[in-house]
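First up is the structure itself, then whatever we jot down about it.
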Amino acid sequence: SKLQCCNIERMGKSSFLFAILTILMSMSISTAISKSPIQDFLNCFSNNSHVPEVIYTPNNTSFSTILNKRIHNKRFKTATTPKPLAIVTPKDASHVQTTIKCTKSNNIQIRIRSGGHDYDGYSYVSDVPFVLLDVFHLNSVDVNVQEETAWVESGATNGKIYYNIAKKSNSLAFPAGVCFSLGSGGHYSGGGYGNLMRKYGLSVDNIIDAKIVDASGKILDRKSMGEDLFWAIRGGGGASFGVILSWKIKLVHVPAQVTIFKVKRKMDEGATDVVFKWQSIAPKLDKDLFIRVQHEVVQIGKTGKKTVQVSFIGQFLGTVERLLPLVSNGFPELGLKKSDCISMPWVNSTLFWYFMPIGTPLEALLDEPKESETLYFKGKSDYVKKAIPKETIESLWKLMIKGEEIMFMQWNPYGGRMEEILPSETPFPHRAGNLFMIGYYHNWVNGSRGDIESHLKFSNSVHAFMKPYVSNSPREAFLNYRDSDIGANHPSNTTKIDIARTYGSSYFKENFKRLVSVKTKVDPENFFRYEQSIPTST
């Protein structure tokens with residue numbers, strides 16, 4: 001300025017140089033601030049949207065509350081866990097469009113969270129600077145009983161969806177998971193399985209339309225996105241292709257009363273024989289019957305000794321009178337009695353599956369998880385095509401006991417409708433030929449670095465023990481049970497095709513090739529990416 005030049009004329013040489021240096025430093029700092037990617041993102045958002053309260057930065061007092069509320073794994077709730085530059089909580093589709101536009105123009109990665117149940121935290125953690133798009137406000141559920149359909153937004157939880165369906169009809173349901181707080185955006189786009197799958201297949205097998213915002217910011221439905229992209233987001237993971245806004249789901253028929261039961265057997269009560277027989281019988285039973293096997297370590301009285309208890313948890317789409325002869329003839333080893341069975345409306349059975357007491361009010365479906373319920377956690381999955389020998393089952397149980405860990409497994413039977421759907425019909429390929437799927441769940445309380453490493457090591461040891469007895473070439477895995485151990489790209493702003501092929505073949509088998517083709521077509525710049533995203537072909 002003129003004033004600065006006049007002052008400089010009065011200075012000596014050293015003062016002159018100091019003044020010039022001061023001005024240059026001031027200009028540099030100002031330029032750095034103005035070119036900060038996050039500040040430019042915020043400026044971009046405010047220029048394109050008039051609702052600033054949907055954005056939270058670390059300067060907001062609510063930032064940590066919003067971030068942590070939907071983190072269900074304490075491994076990613078530590079002081080050293082990378083935090084987003086900002087959290088956007090869209091209240092309508094335009095906020096999603098603006099978020100995509102402004103992150104893309106400022107070269108900032110985006111992470112998309114609907115329920116926050118990503119096993120390895122990829123929906124809300126990144127190893128490069130990122131913005132978190134948390135869609136929990138987009139949670140409407142619009143049920144049309146006449147059409148037997150519903151439009152559900154991606155932030156709507158299983159619990160809310162079940163509750164709203166039941167409010168309109170006691171004879172309609174939807175095949176999805178047990179956990180109430182799962183968001184439909186991630187749950188459905190990864191496949192979505194539950195105890196109706198032997199009758200009706202997965203969530204993705206019952207989706208008839210969707211709305212998505214793509215990398216160019218366009219809102220597309222099934223017709224405008226085309227069948228390739230519609231195919232890809234039903235089991236291929238929506239976050240590789242765009243932001244799911246909502247799904248149109250086809251509701252399924254259930255009787256006015258279903259029958260549920262739980263039969264328990266310990267190791268010294270013949271559990272081995274019953275579990276061994278279950279492997280070959282459960283996939284062949286009437287498709288109205290689903291019997292899950294849950295293995296967990298329990299303490300024997302006050303002795304301190306431990307054993308494995310197996311729970312046979314069942315649901316039958318019919319009456320007790322029809323159920324008992326089916327089990328007696330097909331699976332007599334279970335020893336199911338009428339006193340083990342309880343009849344109730346389907347929606348009440350969802351509370352039973354979530355381990356809630358009989359008689360719990362339906363409003364519990366709308367409850368959000370409490371902070372005290374959050375644990376450190378690692379999950380894995382496997383697919384079994386041949387019955388596991390009795391000796392191996394007992395060795396597995398001994399390993400679980402020896403580990404002295406809070407670990408349990410769930411074995412979920414296939415067969416029924418799951419065998420009738422071709423592996424290529426959706427990206428989810430795990431269909432005919434599987435007896436059951438294994439879910440490994442490993443929880444712990446202490447979160448020191450040593451504790452976490454020790455528990456992860458034990459989890460891997462159990463998974464390694466099972467290698468000879470599960471699928472191979474590839475060893476298949478379930479996308480909804482995210483597992484970083486099968487391969488991941490680091491840093492996540494690069495996607496190497498060889499690494500992607502490793503996890504892609506486990507999750508999608510032959511369908512991976514088509515997913516890459518769709519990705520290359522709809523997101524050629526690979527904007528939507530994360531550690532296990534679908535890559536482009538180039």
Do [X] and [Y] have side chains that approach each other closer than 4.5 Å (heavy atoms only, starting at C-beta)?
X	Y	answer
F180	M356	yes
I71	R113	yes
R292	K262	no
P84	Y124	no

Which atoms form the tightest heavy-atom contact between I244 and S154, and what is the distance?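 The pair with the smallest heavy-atom distance is O-OG, 2.9 Å.
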Over all atoms of both residues, closest heavy-atom pair of Y200 and R417: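 So the two residues come closest at C-CG, 3.6 Å.
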Which residues satisfy the side chain to side chain donor-acceptor pair (under 3.5 Å) test with [X], sequence neighbours excluded?
X	answer
R501	D498
E227	R222
E153	S140

Is R234 positioned over the aromatic face of F230, cation under 6.0 angstrom from the ring centre and no more than 45 degrees off axis?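 That pair qualifies as a cation-pi contact.
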Does NZ or CZ of K211 fall inside the cone over W247's six-membered ring, less than 6.0 Å from its centre and within 45° of the axis?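 Pair K211/W247 does not count as cation-pi.
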Testing F312, F436, Y383 for ring-ring contact (aromatic ring centres under 6.0 Å, His included) with W411, which one passes?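 Among F312, F436, Y383, the one meeting ring-ring contact (aromatic ring centres under 6.0 Å, His included) with W411 is F436.
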Going by an N to O cut-off under 4.0 Å, is there a salt bridge joining [X] and [Y]?
X	Y	result
R449	E453	yes
D228	R514	yes
E476	K509	yes
D134	K69	no
K248	D221	no
E531	R111	yes
K218	D214	no
R431	D205	yes

Salt bridge (charged side-chain N to carboxylate O under 4.0 Å, His left out) with D120: which of K378, K380, R482?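 Testing D120 for a salt bridge (charged side-chain N to carboxylate O under 4.0 Å, His left out) against K378, K380, R482 leaves exactly one candidate, K378.
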Does the [X] side chain pair with the main chain of [Y], one donor and one acceptor, at a distance under 3.5 Å?
X	Y	answer
N60	T57	yes
S349	F352	no
S459	L456	no
Q532	G487	yes

Mutual orientation of the aromatic rings belonging to [X] and [Y] [parallel < 30°, tilted 30-60°, perpendicular > 60°]:
X	Y	answer
Y193	F478	perpendicular
Y503	Y507	tilted
Y481	Y119	parallel

Go through the steps to decide whether Y441 and Q410 satisfy the test side-chain hydrogen bond (donor to acceptor under 3.5 Å, both in side chains), and finish with yes or no. CA-CA 8 Å; Y441 309 88; Q410 289 178 343; 3.2 Å; yes
Measuring centre to centre across the rings, with the benzene-like ring taken for any Trp, is Y162 within less than 6.0 Å of W346?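 Distance test on ring centres: under 6.0 Å, yes.
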